Structure formats: structure tokens, C-alpha cells
2 protein chains.
Amino acid sequence: MASTPAERPKPLSPDEEALVRALGQVMHVLPRAIDGDMISDRQLPLTEYTALMNLSEAPDRRMRMHELAALCHLSLSGMTRTIIRLETQGLVKRERCEQDARGWNAVLTDAGFARLEESWPSHLAAVRRRFLQHFEGFDLAQLARAFRGAGTAN
Amino acid sequence: MASTPAERPKPLSPDEEALVRALGQVMHVLPRAIDGDMISDRQLPLTEYTALMNLSEAPDRRMRMHELAALCHLSLSGMTRTIIRLETQGLVKRERCEQDARGWNAVLTDAGFARLEESWPSHLAAVRRRFLQHFEGFDLAQLARAFRGAGTAN
DNA sequence: AGCCGATCCTTGCTTGGTCAAGCAAATGAC
DNA sequence: GTCATTTGCTTGACCAAGCAAGGATCGGCT
């Protein structure tokens, strides 16, 4: 890709162009909007909500840092800092991993679970209103496959 | 939205859930991937490319800051700093607006236009390969409308 | 003319992310 | 057993970007 000579490739069609621009807008607006909803509604930023949610679905409500980071689409260091923030709020605690003393488990506390229970309806409503609602009539499974493809491209 | 009582709303269907997760992944991966392509290929970060591109399409290759910021999906302060970066590279210059002495125009220089000319094929290829390719067979116009709706939701 | 509120942009501060370096434990070779 | 390498996570430095406050200018109103 880096080495193609200066041939003039065919430009985007108007539909392609429009789609790319619209995607750019969505990628910019959507996370901020949902984050804003969560904050004004429950004082829980989207990143922290996502961490709590993924933990709650893990066996024994605990997970290794790198695993959680991957699920939250966060770098390992970003995950560390997020967990620290949650820890100071008492929503999560950290325990050394028994099988591997280098490793840590992030563990959802009861307070964290309660916080999640009180927050997920807001998140759900925001996701529906800001996103899903606009895709009624689409084949959602097909769409999801396409997105996953784009997200995994070499 | 903030004041709904603690009724338990209906959870997402599996398809909806999958779509939301896939979107989350795309929003995280895609901009970084294209930015990475642009940097390794042309040493031009995506944000700066976008600014140059929008300027090149403006009449007289110049635009007011707030207008450019909106097109680039950037805050005004973010735009200021991006333009400063581009200015130090000689790709853009700033001129006071004649009609309104508060305002500034960002103006694409010849060097900036040349930089854009040499860079857009890389951007185009990245967008096709990382994104559009995965949506062959979709009704792109319909999809773009849905995205725009989501990006504009109240 | 002179003031007031609105507008345009910049600057300071803070947050949050990445990358690279560091530390500690585990693993494997000898 | 001990040394070298790898792995798991944390920390520090840096950078992009947002918000809020500020300086300058405009435009309307008296």
C-alpha cells in the first residue's frame, strides 16, 4: 500500500462519500452523546460503565486486566487507570491472581454491582434512542457482520 | 430521560447487542487504523489530512475557523491547534478576515495543496480497504441516512 | 458617540489516551 | 540452583482534544 506509484485511483462515488462523511460524524458524536447522557443521568462515565458491565458478566465477577482491557477497547494502561478510579469509588477491588502472582484480578464489589444495576437502564435507553432507533428496518445481523469485518481488517 | 423510575426495561435482543458491540469496536479501531495508515504511509495524521482536504474544497481554498472545525468534527480549540501545527509545517497560513476583524481564515498554501495531492490516494485506499469494502451489497444511501440520523439525534 | 450583549477565536487547565521504560514474578536452559 | 528471557501490570512522559474563561471586535440601541 505504501509503495503504489502515483496512479490516480478512482474517487469515491457520491453514495460512498456520503456514507464515509456520515460515519465520521457518528463516530464523533455518538460516544460523546452517550457519555454525556450517562454523566448527567447517573454520574457514571461511559468508560467506567463499560468496565463494570464487562466485569459483571465475567465468571465470579472478576477478570484479568488484559482481558478486561480488550473487552473495553482500552489500552492496558488506560484500563489500569480506569480501574484505579473505580477502586477509589469502592466499585471495584483488586486481588492478586492466585495462579500467577504477577497478575491481578479486577473484582466487582457489591457496591459496584449496585451502581451498575441502577445505571444500566440509562445506558440502554441512550443506546436505543441515539443509535438503534435509527436502524429499524435494517438487517441488524448482517450489519453487525459488516462492522465486525471492518473492525478486524488487516 | 433522567427521571424515569426504576422500571426494568426490556433488554437488547441478541442482534441488537451484537450490533452495538460491533459498532463499539469499529469506532475504536477504524480511526486509529486509518490514522496509522496515513502516518506510516505519508507522515500525515488523519486530523491534519482532514483539515487540508476540507480547505482544498472551499472556495478560494480558505475557510473560517468555526466552519472548518465543524467539517472536521473538531472543537474550535482543537481546530486552532491543528491549524497551528499545519502552519508550522508551511501547509496552511492564516489571514485576518476582511469583513470581520475578529475572524481568521485558514488558507491552504501551495505546499499544503501539494501535500494533499500526494496524500489523498493513501487515504482513499485506506478508507476503501478498512471500511467500504465490507459494505459491498448494502444500500449505501440508506445506510448513510441512518447514520446521519443517529449523529443528529436530539 | 458610547455602551452592552453577542460573536470569533485563543489560551490555560484538565482529562484521558498511547507508548516506552520499569519492576516483579514466572518460565525455561543449563 | 541460577541465570536469561518472557510475561503481566504499573508508572512516567507526552500529546491530542475538550471545556471554560478571556481578549478583541462587532452591531444594535439609546
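This one's a predicted model, so the numbers in the text were calculated from it and none came from an experiment. Just so it is clear: chains get the letters A, B, ... in the order the sequence lines come, proteins before strands, and each one is counted from 1.
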Flag yes if [X] and [Y] sit in one hydrophobic cluster, no otherwise; membership is Ile, Leu, Val, Met, Phe, Trp, Tyr, and two members link when side-chain heavy atoms are under 4.5 Å apart.
X: B:M53; Y: B:I83; answer: yes
X: A:L76; Y: A:V107; answer: no
X: B:F135; Y: A:M27; answer: yes

**Study point:** Note, A:L46 side chain near A:H123 side chain (heavy atom, < 4.5 Å)
**Key:**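 The answer is yes; the side chains approach within 4.5 Å.
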With a cut-off of 3.5 Å and sequence neighbours excluded, list every side-chain donor-acceptor pair involving residues 109-118 of chain B.
{"unit_1": "B:T109", "atom_1": "OG1", "unit_2": "B:G90", "atom_2": "O", "d": "2.8"}
{"unit_1": "B:T109", "atom_1": "OG1", "unit_2": "B:L91", "atom_2": "O", "d": "3.0"}
{"unit_1": "B:T109", "atom_1": "OG1", "unit_2": "B:A111", "atom_2": "N", "d": "3.4"}
{"unit_1": "B:T109", "atom_1": "OG1", "unit_2": "B:G112", "atom_2": "N", "d": "3.0"}
{"unit_1": "B:R115", "atom_1": "NH1", "unit_2": "B:R42", "atom_2": "O", "d": "3.1"}
{"unit_1": "B:R115", "atom_1": "NH1", "unit_2": "B:E118", "atom_2": "OE2", "d": "3.0"}
{"unit_1": "B:R115", "atom_1": "NH2", "unit_2": "B:R42", "atom_2": "O", "d": "3.1"}
{"unit_1": "B:R115", "atom_1": "NH2", "unit_2": "B:Q43", "atom_2": "O", "d": "3.0"}
{"unit_1": "B:E117", "atom_1": "OE1", "unit_2": "A:R8", "atom_2": "NH2", "d": "2.8"}

Study note, to complete from the structure: B/S/- along nucleotides 21-26 of chain C (protein heavy atoms under 4.0 Å) is ---BBS
Practice item. Going 5' to 3' through nucleotides 10-19 of chain C, assign each nucleotide B (protein heavy atom under 4.0 Å from a base atom), S (under 4.0 Å only from sugar-phosphate atoms) or - (no protein heavy atom that close). Key: BBBB--SSBB
Review point. Considering residues at least two apart in sequence or located in another chain, which fulfil the side chain to side chain contact (heavy atoms under 4.5 Å, CB included) criterion with B:R145?
Key: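 If we apply the side chain to side chain contact (heavy atoms under 4.5 Å, CB included) test to B:R145, skipping adjacent residues, the hits are B:A141, B:Q142, B:R148.
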**Study point:** Pairing residues for A:L12 by the side chain to side chain contact (heavy atoms under 4.5 Å, CB included) criterion, not counting sequence neighbours
**Key:** A:E16, A:E17, A:V20, B:L124, B:R128, B:L132
Exercise for review: Kindly say if B:H66 contacts the phosphate of C:dT7, meaning a side-chain N or O under 4.0 Å from OP1 or OP2.
Suggested key: no
Check your understanding: Counting just side-chain N and O atoms, does B:R64 come under 4.0 Å of either OP1 or OP2 of C:dC9?
Key ->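 So the side-chain polar atoms of B:R64 do come within 4.0 Å of the phosphate oxygens OP1 or OP2 of C:dC9, strictly under.
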Exercise for review: Decide yes or no on side chain to side chain contact (heavy atoms under 4.5 Å, CB included) for B:M63 and B:L108, but give the supporting numbers first.
Suggested key: CA-CA 9 Å; B:M63 215 183 295; B:L108 191 62; over 6 Å; no
Review point. Would a distance-only check, ignoring hydrogens and angles, find a side-chain to backbone donor-acceptor pair under 3.5 Å from A:H28 to B:H73?
Key: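 Judged by distance alone, yes, a pair lies under 3.5 Å.
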**Study point:** Donor-acceptor under 3.5 Å (B:D60 side chain, B:R62 main chain)
**Key:**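 Side chain of B:D60 to backbone of B:R62: no pair is present.
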Check your understanding: Rounded to whole angstrom units, what separation is found between the CG atom of A:N105 and the P atom of D:dG8?
Key -> 13 Å
Study note, to complete from the structure: note: B:L86, atom CG; D:dA16, atom P; distance rounded to Å ~ 11 Å
Check your understanding: How bent is the helix from C:dA1-D:dT30 to C:dC30-D:dG1, comparing axes over its five end pairs at each side, to the nearest 10°?
Key ->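 So the angle between the two local helix axes works out to 0°.
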